[in-house]
Amino acid sequence: MEKFLKELNEAQREAVLFTDGPIMVIAGAGSGKTRVLTYKIAYLLKKNIDPFNILALTFTNKAANEMKERIINIVGTTDAHNMWMGTFHSVFAKILRRESLKIGYPNNFTIYDTDDSKSVIKSVIKEMDLDDKVYNPGYVLGRISAAKTSLISYEEYNKSDELVSEDRMARKPLFGQIYESYCKRCYKASAMDFDDLLFNMHMLLRNFPDALLRYQKKFKYILVDEYQDTNHCQYIILKQLAAMFENICVVGDDAQSIYSFRGANIQNILGFQNDYPDFKIFRLEQNYRSTQNIVNAANSIIVNNVGKVHKIVWTENENGEKVKILKAHSDSEEGSIVANSIFENKMNFQMQNKDFAILYRTNAQSRAFEESLRKLNIPYRIYGGLSFYQRKEIKDLIAYFRLTINNNDDEALKRIVNYPARGIGKTSIERLIIVASENNKSIWQIIENFGDYKTGLNTGTLNKLSEFITMVKSFSVQLKNKDAHEMACLVANSSGIARELYDDKTPEGISRHQNIEELLNGIKDFVDRQESAAGEENTSSLAEFMQDIALVTDADIKDKDGNDKVSIMTIHAAKGLEFPYVYISGVEENLFPSQFNINTRNELEEERRLFYVALTRAMKRVFISFATTRYRWGNVVSCEPSRFIEELDTKFIEFENKKHFKPFDDDSRLSFDKFEIKKYKYTGQTVKKNLVKITQAINSATPNNPDFISNQNIQVGMVVEHQRFGKGKVITVEGKQSDKKAIVFFENVGQKQLLLKYAKLKVIE
DNA sequence: GTATTATCTAAGTCT
DNA sequence: TAGATAATAC
């Protein structure tokens, strides 16, 4: 027997050794699920299965890469690089680029992110002259996503009496038309949204038997992690791919299903059992991660759920400490209690920062923890929230890349056609959009051949547009012979973005410029990596770099400056991870469980599973915190501890000794909170804004500014002349220094309020 | 067309 | 509270 197999327990080993035929592994939290998958693949390779025949679908690309590395270590062959491993989305994107022509897309198609999709929906709604309150773009996108996930095309949608009447009942009768326009517009822009990657993959396999056959033959062994979070579309694709060999292994835990809002369907577990009646099932129930107290506390939560597969998670680990409940009087106090607790545990037990994680239900809760950790000089890393690729300056530069690669990418074009400013305004762009949609063309195609269309734009604007297009075309031409880094630098410089940000000396401007540099460095890394990987083909082009940039998530990005940091993230983002110390924060009614998910049993059960996931991330200790008041929507709200705290079996929990809490009376607490807010205000963006204002004021107040001098002398009763408004009489003057305002009554245009700093007034009398 | 300021409105988990 | 949109002046 292979040496590495001895590291597995009985159940794990059986699951690893059973390689042929359909199997399902029901793996409790911390039961070594990743280890089983890793060793199973390693075992397949040891049995001389060709890595090209293995497809492994994981929940994040990072997980895939880590698993790959481990397998390479075990098997000792770099051949393993040839396995297909990654998320559903990234693997399918890769396949779709190869097969794109079949489904009528160019291989350089863009992947639209949620912002792009919403923007398309907004413009569709606007053009159809509909109310965006009735047709809320977020709602519309959600319903489109649900349709695609259920494999309902817009044609089928509009043919379905049931769906159409459903929309009519919901007073959104035109939803089907929006769906249709949205799809057509994405297609015209050579763009796919996240759901299209799945939807089109299914279409490819359904409509092209040769493609289906090729991939069925290729993927002789299919392994799926986190199976409980697959949606209907993913389920069908798996069924298609596995139909020939039926060597499919799915691993999951129904108790950890937390993505139903995204279409994940626990029923897929039952579907699997029906599709492959002779399937083998393996249960991994021994937990190696957590202490008994943690496992027991988690079990005491999950028994409250009715719908679940029978399974008992147990552990031989030590008892450990009880789960401790921490009470705070405000969200900011919660932050400092948690930060202090981390500090104490670090000191008392010689732990490192990276041994701690703070988890919460919503990203908005991160602020208090950031503040408190910063005060104690504890380094941290926030996962999720505003990720690197969502920052404005990054999106701007990326939009140039996108347009260079795919000229029809309308969303990218709209974003940058006038950034940096080149005198192409909103009205011109709106007109172009209308002409484009009338002619069923992309915006680029209209500009490229504007002689053929009546745009009604003046020659000046058309020239500016042509210039823009010529510039981007010159980029496109060089795509093939330059590597990604050379291209990126060229674009950053020629587009004027680098200059624009370099000239901006405000603190924000400087940090934006740094971010651009970071992106360019990242691209350099990419080029180096690709070249050292000794590819036969040119794999270091910009197009290559951009391929699945939209699919990169925060969790995939490695932290450069050291890894010893406290992790702060949502519970969703913590899925699949483990930490010695876990703080679950904001465990209050209406926050966790979320106010949106308490109306049906199913919703509440998903929240409960989420809580279960949070608890089972911990190895040594869990702290649960709640606050009795919290800032939400800008004002203080009082909060109740969550029902989940009550559901925990009291045998496994303890409450923080009341003595440890400083006895705030209401008044002092109020001032404490106020102090906190004030402090935040002047450390955050406000200070930057003020800086900008101050510099402006200084600039306009320099003595060699003649306007300033003359305007300072303006007084009530004077007759002045204005460039555009003509002659007028000053009625009032108020404000001080640079903020002086005057109300002037003009002969021709009537009364106007003017800010003297800007208005160029000539004194006549 | 551009830049700044005022007003409104939404507010959640993620590929 | 913040981000997006509308309004205003240049």
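Each chain gets a letter, A, B and so on, in the order its sequence line appears, and its residues count up from 1. Here the structure is a predicted model, which means the values were calculated and not measured.
A:Arg361 contributes a side-chain N or O that forms a donor-acceptor pair with the base of B:dT13 under 3.5 Å.
Looking at heavy-atom distances under 4.0 Å, A:Phe88 makes no contact with the nucleic acid at all.
Rounding to the nearest 0.5 angstrom, the gap separating the SG atom in A:Cys233 from the CE atom in A:Met203 is 9.5 Å.
Nearer to the 5' terminus of DNA chain B, by closest-nucleotide assignment, is the contact made by A:Thr461 (compared with the other of A:Thr461 and A:Glu606). Across the interface with DNA chain B, nearest-nucleotide mapping of A:Leu551 and A:Arg632 shows A:Arg632 to be the residue nearer the 5′ end.
In this pair, A:Tyr259 and A:Phe59 present their aromatic rings tilted. The plane angle is within the 30 to 60° band.
Checking C:dT5, B:dG12, B:dT15 against the side-chain heavy atoms of A:Thr114 singles out B:dT15 as nearest. Taking every side-chain heavy atom of A:Ser428 into account, B:dG1 is the closest of B:dG1, B:dG12, B:dC14. Listed nucleotides: B:dG12, B:dT15, B:dT2. Nearest to the side chain of A:Phe194: B:dT15. In this structure, the nucleotide among B:dC14, B:dT15, B:dG1 sitting nearest to the side chain of A:His89 is B:dT15. Of the candidates C:dT5, B:dG12, B:dC14, the closest approach to any side-chain atom of A:Arg262 belongs to B:dC14. Which of B:dG1, B:dG12, B:dT9 sits closest to the side chain of A:Lys133 comes down to B:dT9.
Nucleotides B:dT13 and C:dA4 are separated by 16 Å at their P atoms, to the nearest Å.
Scanning for side chain to side chain contact (heavy atoms under 4.5 Å, CB included) contacts around A:Arg499 gives A:Asp503, with sequence neighbours left out. Considering only residues two or more places apart in sequence or on other chains, A:Phe88 meets the ring pair (Phe, Tyr, Trp, His ring centres under 6.0 Å) condition with A:Phe92.
When the side-chain nitrogen and oxygen atoms of A:Asn418 are compared with OP1 and OP2 of B:dT2, one or more of them lie within a distance under 4.0 Å. For A:Ser90 and B:dT15, the shortest distance from a side-chain N or O to OP1 or OP2 is not below 4.0 Å. Close to C:dT5, at under 4.0 Å from its OP1 or OP2, lies no side-chain N or O of A:Lys426. For A:Ser594, no side-chain nitrogen or oxygen approaches OP1 or OP2 of B:dT13 to under 4.0 Å. Between A:Asn363 and B:dC14, a side-chain N or O to OP1/OP2 separation shorter than 4.0 Å is present.
By the stacking rule of 5.5 Å between ring centres and under 30° between planes, A:Phe261 stacks on the base of B:dT13.
Atom CG of A:Asp115 is separated from atom P of B:dT15 by 14 Å (rounded to the nearest Å). Rounded to whole Å, the distance from CD on A:Glu500 to C1' on B:dA3 is 13 Å. Put simply, CG on A:Asp132 is 10 Å from P on B:dT9, counting in whole angstrom units. In this structure, A:Leu604 atom CG and B:dT13 atom C1' are separated by 15 Å, rounded to whole Å. Atom CD of A:Glu430 is separated from atom P of B:dG1 by 10 Å (rounded to the nearest Å). In this structure, the NZ atom of A:Lys122 is 5 Å from the P atom of C:dT5, given to the nearest Å. Computed from coordinates, the A:Tyr631 OH to B:dA10 P distance equals 23 Å when rounded to whole Å. What separates NZ of A:Lys118 from C1' of C:dG3 is a distance of 12 Å, to the nearest Å.
Counting only N and O atoms by type, the side chains of A:Asn458 and A:Thr461 include a donor and acceptor under 3.5 Å apart.
Closest non-hydrogen pair, A:Ile433 versus A:Lys414, comes out as CD1-CD, 3.4 Å.
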